[in-house]
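For reference, the structure is listed below as structure tokens.
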Amino acid sequence: MSDGNVVEVRVDHLVVDPTVQPRMRGVTQQHVALLHEGLAAGTLPPITVTPRRDGQFVVIDGAHRLEAYRKAGVKTVPARVVEAAGYWEAFCANRDHGLPLTIEDRKRAAVWLKQHRPELSVRAIAKEVGLAVSTVQGALCQRRRIQRGGGLAVQRPDPWRRFLRALAQLYERRGDDPRFVDSLAQDLVDLVEGTSDPGLVWDALLDFVAAVERAWELTEHLYPEEGTNNTPRASSRG
């Protein structure tokens, strides 16, 4: 984040807003101590801030540096002022340098990015936040389950119902074929390779997986013979 003029800002005019900070654990005192020791050898890089209407500044990047300055009794600090910056700018700044972000920090950023940029595929989000695609998929699935709260009905648009009927009919005919799964996997590969944005295909499948999990929760009482098994054994064909 290189935009913005560097000015001297009073320490008592700087605010650390938890809703903007990307680090879920907040400030780490061990890192503050290291930065405090570094002040003896010279100055630290400017803190990045964004102005508020009340004349104060929200810290976008540099919460640890600010604590080190406070510990040293410094009254004013160099700060780069960037207009209208927020959580995403804070995440990107902390992602690109300094104390590494945790996996949980990055997962939260993935959820935030999907909420604010829904057109992005899971693969694109994973690249932005620096996580594996599977980790991002898991974070988004968990978020969907929390939002549903276990009490909302699964939406069943007509295209999905048609797909499920076709899949069930196909399984009735070919489910015993040992090549059945491989055949479906190859069809999926063809679908992914044939689309202009493969990530969106995986997003749709992620929604499907979440729907399957929710449907199983709503119907598991129909399979008392399965005991603690986590998936239904669906064959009633005899």
Side-chain angles (χ1 to χ4, degrees), residues 88 91 101-238:
W88 184 245
F91 173 81
L101 293 166
T102 68
I103 291 178
E104 291 304 314
D105 294 336
R106 295 171 187 269
K107 287 165 67 175
R108 184 176 70 163
V111 171
W112 186 96
L113 195 54
K114 189 62 177 177
Q115 289 175 332
H116 291 80
R117 295 281 306 280
E119 75 279 5
L120 291 179
S121 69
V122 172
R123 192 171 298 277
I125 292 173
K127 182 177 180 180
E128 286 287 342
V129 301
L131 289 174
V133 172
S134 59
T135 303
V136 172
Q137 288 174 334
L140 297 181
C141 265
Q142 182 180 27
R143 178 65 176 179
R144 289 189 183 99
R145 287 194 291 269
I146 292 173
Q147 289 174 330
R148 291 190 182 106
L152 299 180
V154 176
Q155 295 181 348
R156 294 175 292 175
D158 286 343
W160 279 118
R161 287 205 297 269
R162 291 197 298 269
F163 166 75
L164 289 172
R165 283 197 295 267
L167 181 60
Q169 291 169 0
L170 179 62
Y171 189 77
E172 284 287 338
R173 296 195 305 268
R174 297 183 52 198
D176 290 332
D177 186 341
R179 297 170 296 176
F180 180 74
V181 173
D182 289 339
S183 177
L184 286 181
Q186 187 56 57
D187 289 343
L188 180 58
V189 169
D190 293 341
L191 176 64
V192 172
E193 290 180 344
T195 186
S196 59
D197 190 346
L200 292 179
V201 177
W202 292 115
D203 284 356
L205 291 171
L206 176 61
D207 283 337
F208 177 68
V209 169
V212 169
E213 292 177 350
R214 181 68 182 125
W216 166 240
E217 293 171 1
L218 295 172
T219 61
E220 60 181 334
H221 63 281
L222 300 176
Y223 307 94
E225 72 279 6
E226 296 302 326
T228 59
N229 197 4
N230 291 327
T231 55
R233 293 177 190 170
S235 188
S236 60
R237 294 169 296 169

What distance do [X] atom [atom1] and [Y] atom [atom2] have between them, rounded to the nearest 0.5 Å?
{"X": "F91", "Y": "R106", "atom1": "CZ", "atom2": "CZ", "value": "5.5 Å"}
{"X": "E172", "Y": "L167", "atom1": "CD", "atom2": "CG", "value": "11.0 Å"}
{"X": "I125", "Y": "L140", "atom1": "CD1", "atom2": "CG", "value": "6.0 Å"}
{"X": "T102", "Y": "R108", "atom1": "OG1", "atom2": "CZ", "value": "9.0 Å"}
{"X": "E128", "Y": "W88", "atom1": "CD", "atom2": "CH2", "value": "5.0 Å"}

- Query: Going through the distances and angles, do Q186 and D190 end up as a side-chain hydrogen bond (donor to acceptor under 3.5 Å, both in side chains)?
  - Reply: CA-CA 6 Å; Q186 187 56 57; D190 293 341; 3.1 Å; yes

- Taking the side chain as C-beta and beyond, is there a heavy-atom pair between V136 and K107 under 4.5 Å?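 No, side chains not in contact.
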
- Decide yes or no for D177 and R174: does some side-chain heavy atom of the first lie under 4.5 Å from some side-chain heavy atom of the second?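 In short, these two side chains touch, coming nearer than 4.5 Å.
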
- Task: Answer yes when R117 and E119 have at least one side-chain N-carboxylate O distance shorter than 4.0 Å, and no when they do not.
- Result: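 Salt bridge flag = yes for E119 with R117.
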
- Message: Looking at D187 and L184, would you say the former's side chain and the latter's main chain have a donor-acceptor pair under 3.5 Å?
- Response: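 No: the side chain of D187 does not pair with the backbone of L184.
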
- Grab the two heavy atoms, one from L120 and one from K114, that are nearest each other, plus how far apart they are.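 Of all heavy-atom pairs spanning L120 and K114, the closest is O-NZ, 2.7 Å.
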
- Query: What heavy-atom pair brings A110 and V129 nearest, and what distance separates the two atoms?
  - Reply: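 Looks like N-CG1, 3.8 Å.
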
- Any idea how F180 and Y171 line up, ring-wise: parallel (<30°), tilted (30 to 60°), or perpendicular (>60°)?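 F180 vs Y171 ring planes: perpendicular.
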
